[in-house]
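Step one of this worksheet: look at the structure below.
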Protein chains: 2
Amino acid sequence: MAKVKPENEDSPKREAILDAALELFAELGYHGTTVPQVADKAGVGAGTLYRYFENKEALVNALFQKWKRELARQIMERFPVEQPVRTQFHEIWKRAAGFATRHPRALDFLELHHHGSYLDAASIAVEQELLIPIYAFAENAKRLQQLKEISAEILGALVWGGFMGLVNAARKGFVTLDKKTFDHAEECMWQAIRR
Amino acid sequence: MAKVKPENEDSPKREAILDAALELFAELGYHGTTVPQVADKAGVGAGTLYRYFENKEALVNALFQKWKRELARQIMERFPVEQPVRTQFHEIWKRAAGFATRHPRALDFLELHHHGSYLDAASIAVEQELLIPIYAFAENAKRLQQLKEISAEILGALVWGGFMGLVNAARKGFVTLDKKTFDHAEECMWQAIRR
DNA sequence: CTCCTTGGAATGAACGTTCATTCCGTAACT
DNA sequence: AGTTACGGAATGAACGTTCATTCCAAGGAG
């Protein structure tokens with residue numbers, strides 16, 4: 001009755017397709033990846049993919065929203081609202097680092113596709129889910145006179161940019177993403193934004 | 001007999017093709033841009049493009065090397081070797097900011113294509129032209145006990161990442177790349193790396 | 001239990017389209 | 001006239017997508 005797609009959520013094949021697409025899109029890009037390639041890697045027929053996603057564009061948007069939301073969730077879930085600002089920053093950095101080591105492909109994919117004319121309005125809107133609480137943290141910390149008197153947007157861009165710079169340097173083999181690296185980098189970026 | 005290309009350097013058409021390719025590759029990506037699109041925007045026929053570049057891949061590699069070298073040149077030319085470390089850092093940041101405002105498309109392009117399976121060995125090697133002097137600056141500054149005792153690779157990744165984070169935030173409209181923004185960001189990133 | 005029917009899930013060869021590249025007639029120069 | 005540069009139609013390969021067909025699990029009939 002209500003079922004439009006065969007298995008609207010949670011289907012092993014749907015997950016296999018999303019996993020295969022994540023690896024290929026992250027490595028080859030959206031236009032550099034072919035649909036049969038995704039189907040092959042997922043172990044399904046090319047036609048099957050169209051039972052789960054309307055087309056290639058719908059697939060990349062589903063993938064983008066899935067991982068952007070997952071990133072936002074892992075960073076913001078049960079955020080220690082009552083803790084000191086420095087502790088909160090440590091928590092954000094630690095969670096981002098955890099995500100980077102658990103899902104390196106997902107970060108590559110998000111970074112490579114965060115602009116892209118094939119992203120629809122829903123995908124662009126999901127950006128906000130991560131940004132709003134981050135900006136809220138920055139504004140609050142500034143009110144407590146713990147951060148520099150600089151716009152939350154600039155501070156956020158520098159911190160997130162520094163983090164992604166580290167991830168990119170790791171992919172090129174210039175650094176390794178171990179605990180010591182993340183700890184050093186966290187201290188640097190805290191000095192960058194603290195008052 | 002020896003002339004393989006009609007005008008091996010400096011030809012108005014060659015430059016027009018490179019300019020058109022820069023805009024399109026930066027916006028649509030390598031695989032998302034078609035050769036006739038580049039030719040149209042450059043105001044030449046599709047066949048003409050192949051008089052100046054062996055194929056699409058040679059074009060994107062020429063473009064990558066051109067702008068990566070130009071970036072390295074603008075940042076490192078007549079570097080104030082005798083000045084204090086803080087002044088040197090200011091100079092690097094100022095030059096990078098100047099490049100970002102003069103050639104925003106070039107930064108977008110380099111950022112979007114710095115991984116990419118179509119880049120050849122020569123393109124990858126050009127990365128070193130910027131990295132080596134930057135690391136030399138960091139090592140020297142550390143020897144003078146002006147920077148944190150953290151590997152030059154990490155410090156470099158954070159500073160460059162922060163800078164690119166700013167540029168990306170500007171493309172999404174979260175910040176504007178005026179002098180005040182760059183000055184604030186410079187102070188932040190100096191705090192990030194200073195001892 | 002075995003056989004037959006049924007219908008949704010899955011498939012991959014085939015389709016129309018689009019792409020990178022080539023080819024060749026024309027224009028521009030020497 | 002001879003040579004080189006140019007443009008854009010032509011070409012074959014590769015793409016995203018479709019659809020006629022196969023597969024398979026479940027259920028009813030005997």
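Lettering of chains follows the sequences in order, A, B, ..., and the numbering in each one begins at 1. Computed from heavy atoms alone, side chains included, the values below leave out hydrogens, waters and symmetry copies.
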**Study point:** Sidechain-backbone polar pair: B:Asn61 side chain, B:Asp120 backbone, donor-acceptor under 3.5 Å
**Key:**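 Flag set: sc B:Asn61 to bb B:Asp120 pair under 3.5 Å.
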
How many Å lie between [atom1] on [X] and [atom2] on [N], as a whole number?
{"X": "B:Lys56", "N": "C:dT18", "atom1": "NZ", "atom2": "P", "value": "16 Å"}
{"X": "A:Glu54", "N": "D:dG16", "atom1": "CD", "atom2": "P", "value": "16 Å"}
{"X": "B:Phe53", "N": "D:dA5", "atom1": "CZ", "atom2": "P", "value": "15 Å"}
{"X": "A:Arg51", "N": "D:dC23", "atom1": "CZ", "atom2": "P", "value": "17 Å"}
{"X": "A:Leu24", "N": "D:dG16", "atom1": "CG", "atom2": "P", "value": "12 Å"}
{"X": "B:Leu28", "N": "C:dC19", "atom1": "CG", "atom2": "P", "value": "11 Å"}
{"X": "A:Asp40", "N": "D:dC15", "atom1": "CG", "atom2": "P", "value": "12 Å"}
{"X": "A:Tyr52", "N": "C:dA10", "atom1": "OH", "atom2": "C1'", "value": "8 Å"}

Review point. Which nucleotide in the list C:dA20, C:dG12, C:dA10 gets nearest to the side chain of A:Ala46?
Key: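 Among the listed nucleotides, the one closest to the side chain of A:Ala46 is C:dG12.
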
Exercise for review: Hey, which sits more toward the 5' end of DNA chain D by its nearest nucleotide, A:Thr48 or A:Thr34?
Suggested key: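 Going by which nucleotide is closer to the 5' end, it is A:Thr34.
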
Point to revise | Side-chain heavy atoms of A:Arg195 within contact of A:Gln146, under 4.5 Å | key: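 They are not in contact (no side-chain heavy atoms under 4.5 Å apart), so the answer is no.
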
**Study point:** Side-chain donor-acceptor pair present, A:Lys172, B:His115, cut-off under 3.5 Å
**Key:**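 Note: A:Lys172 and B:His115 side chains miss the donor-acceptor criterion.
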
Check your understanding: Does one side chain, of B:Gln74 or B:Arg102, offer a donor that lies under 3.5 Å from an acceptor on the other?
Key ->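 B:Gln74 vs B:Arg102: donor-acceptor pair found between side chains.
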
Check your understanding: Has B:Lys13 got a side-chain N or O lying under 4.0 Å from the OP1 or OP2 atom of D:dC6?
Key ->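 For D:dC6, OP1 or OP2 has a side-chain N or O of B:Lys13 closer than 4.0 Å.
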
